[in-house]
Amino acid sequence: MEYTQLGRTGVRVSRLVLGTMNFGPQTDEAASHGLMDAALDAGVNFFDTANIYGLNEHKGLTEEIVGSWLAKGGGRRDKVVLATKVYGNMIDGEPIVGASWPNFDRLSAVNIRRSVEASLRRLGTDHIDLYQFHHVDRLTSFEEIWQAVDVLVQQGKILYAGSSNFPGYKIAQANETARRDRPGLGLVSEQCLYNLFERRSELEVIPAAQEYGLGVIPWSPLHQGLLGGALRKEAEGSGARTRAGRSAAGLADPAVRARVEAYENLAAKHGLEPGEVALAWLLTRPGVTGPIVGPRTHEQLESALRALELTLSEELLAGLDEIFPGPGPAPEAYAW
């Protein structure tokens, strides 16, 4: 396993991040434990979750499953850099955004404190290594957010703070506020939607992250399966993600379908699996700490691990840019 620094921090994390969102809703507790054991055995030490994971009827279920795995001991907690998130409404049966009762969502100091305590209980640990703001809260100032974070750091309940789904200007605003008003690191990571199909983060988010020393953690590296051999799986009648969600909607669009076909043909020309190419490409991108992979099976985990061993040729990289051109640098991409 290859390791790298998480942004400008001193902590070292694996180049693949184990995403746990499927644990509970799609993968039962025993199978989830097996996947976490296999990931740890392979050297993956960076585990990502969120307080809302578990779906609307059992929010927090995923953290509970991670917590029951950590409770097995054997050095699990000490070996893992544990990340979770705060923002969504945690009232079961209600939408993730918008709560029927005040202060049960967003990033007020009240909700941050409540959410940390609840996550610590579910995870069965005394601290969270990376506590991430799951979304921008336009109603709460960063002065208030950092005050809440400072208290938690002083109490030893969290070590680092990160963002998720932040635009570039909010990364700058957050860290400039932190720099002006307090000691400490500010944001140390940004978890954003980033893959071959979705490269808009290259325009502002990733440059802002690099400027402020944040590690970039891409989520949905296979674009909900579109980059994981979707056409082949469709032809074989396998792969639930090719029949629902973003994959189904994408493949119904002739232009998207043509790009996916060109992509799969390019990967086949080089004797490579599409999903592994998509992950390996992200590992070549400037500023990327490691993509989040959310395996539901051991085969999917093994495929993700193989991506670490790939070296993509210049010919292949050029072909990928031709199929999936990025937006270009800011401001040149839109200014001249």
Side-chain angles (χ1 to χ4, degrees), residues 17-36 39 46-71 80 82-107 111-112 114-125 128 130-137 162-165 191-193 195 198 217-226 228 239-250 291-298 300-301 304:
V17 184
L18 182 69
T20 63
M21 188 170 68
N22 292 320
F23 295 174
Q26 297 191 42
T27 307
D28 65 24
E29 184 172 22
S32 299
H33 283 197
L35 284 168
M36 286 185 276
F46 197 4
F47 287 20
D48 177 76
T49 189
N51 60 352
I52 60 168
Y53 291 168
L55 299 182
N56 281 343
E57 299 307 317
H58 195 159
K59 294 168 185 172
L61 175 59
T62 302
E63 284 188 335
E64 292 171 5
I65 290 173
V66 174
S68 64
W69 178 79
L70 292 172
V80 167
L82 183 61
T84 192
K85 308 183 194 76
V86 57
Y87 180 88
N89 167 25
M90 287 298 291
I91 301 175
D92 282 339
E94 294 191 357
I96 290 172
V97 179
S100 61
W101 193 256
N103 305 316
F104 277 82
D105 58 6
R106 301 185 180 272
L107 301 177
N111 191 51
I112 286 175
R114 175 191 296 115
S115 298
V116 164
E117 297 292 352
S119 286
L120 290 172
R121 286 193 298 270
R122 287 188 292 265
L123 292 165
T125 185
I128 294 160
L130 177 63
Y131 200 52
Q132 301 163 108
F133 312 131
H134 211 160
H135 203 279
V136 168
D137 181 358
S163 58
S164 181
N165 303 306
Q191 190 175 131
C192 59
L193 175 61
N195 56 54
E198 180 50 80
I217 309 169
W219 61 267
S220 196
L222 303 186
H223 211 54
Q224 285 195 351
L226 271 179
R241 287 196 172 191
T242 64
R243 298 189 294 273
R246 189 176 295 155
S247 286
I292 297 174
V293 296
R296 300 184 303 280
T297 66
H298 283 272
Q300 290 174 344
L301 176 60

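Keep in mind it's a predicted model, so treat the numbers as computed, not measured.
- Between the side chain of S32 and the backbone N or O of T27 there is at least one donor-acceptor pair closer than 3.5 Å.
- Remark: the H135 side chain and the S164 side chain contain no N/O donor-acceptor pair separated by less than 3.5 Å.
- The nearest pair of heavy atoms linking G34 to H298 is O-CE1, 3.4 Å.
- With sequence neighbours excluded, the residues forming a salt bridge (charged side-chain N to carboxylate O under 4.0 Å, His left out) with K85 are D48, listed by chain and number.
- Two residues are said to be in side-chain contact when any heavy atoms from C-beta on lie closer than 4.5 Å; L61 and L55 fail this criterion.
- Scanning both residues, L70 and L123, for their nearest heavy atoms gives CD1-O, 3.7 Å.
- Across every non-hydrogen atom of S119 and I128, the tightest pair is CB-CD1, 4.1 Å.
- Using a cutoff of 4.0 Å between basic side-chain nitrogens and carboxylate oxygens, D137 and R106 are scored as salt-bridged.
- Separation of atoms CD (E63) and CG (L120) is listed at 9.0 Å; rounding is to 0.5 Å.
- The OG1 atom of T297 sits 8.5 Å away from the CG atom of L301 when rounded to the nearest 0.5 Å.
- Looking only at distances, no side-chain donor or acceptor of N89 sits under 3.5 Å from a matching main-chain atom of V97.
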> Could you walk me through whether Y131 and V116 pass the side-chain contact (heavy atoms from CB on, under 4.5 Å) check?
Replying inline: CA-CA 8 Å; Y131 200 52; V116 164; 3.2 Å; yes
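- Counting all heavy atoms, side chain and backbone alike, L107 lies closest to I112 at O-CD1, 3.4 Å.
- Scanning both residues, L18 and A39, for their nearest heavy atoms gives CD2-CB, 4.0 Å.
- With a 6.0 Å cutoff to the six-membered ring centre and a 45° limit on the axis angle, R114 counts as a cation-pi contact of F104.
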>> L130 vs F46, test: side-chain contact (heavy atoms from CB on, under 4.5 Å). Steps then yes/no.
In response: CA-CA 10 Å; L130 177 63; F46 197 4; 3.9 Å; yes
> Hey, mind stepping through S68 and H33 against side-chain contact (heavy atoms from CB on, under 4.5 Å) and telling me if it holds?
Replying inline: CA-CA 8 Å; S68 64; H33 283 197; 2.8 Å; yes
>> Run W69 and F23 through ring pair (Phe, Tyr, Trp, His ring centres under 6.0 Å) and show every step you take.
In response: CA-CA 12 Å; W69 178 79; F23 295 174; 9.3 Å; no
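- There is a side-chain donor-acceptor pair under 3.5 Å between E94 and S100.
- At least one donor-acceptor pair closer than 3.5 Å links the side chain of Q300 to the backbone N or O of R296.
- Here the closest heavy-atom approach between residue M21 and residue T62 is recorded as O-OG1, 4.1 Å.
- Using cut-offs of 30° and 60° for the angle between ring planes, the Y53 and H134 rings count as perpendicular.
- Side-chain contact annotation: N165 with W219, donor-acceptor N/O pair under 3.5 Å present.
- The CD1 atom of I65 lies 9.0 Å from the OG1 atom of T49; values are rounded to the nearest 0.5 Å.
- Taken from CG in N51 to CD1 in I96, the straight-line distance is 9.5 Å, to the nearest 0.5 Å.
- Side chains of T84 and Q132: a donor-acceptor N/O pair is absent below 3.5 angstrom, by distance only.
- For the atom pair CZ of R121 and CD of E64, the computed distance is 11.0 Å after rounding to the nearest 0.5 Å.
- Between the side chain of D105 and the backbone N or O of G98, at least one donor-acceptor pair lies under 3.5 Å.
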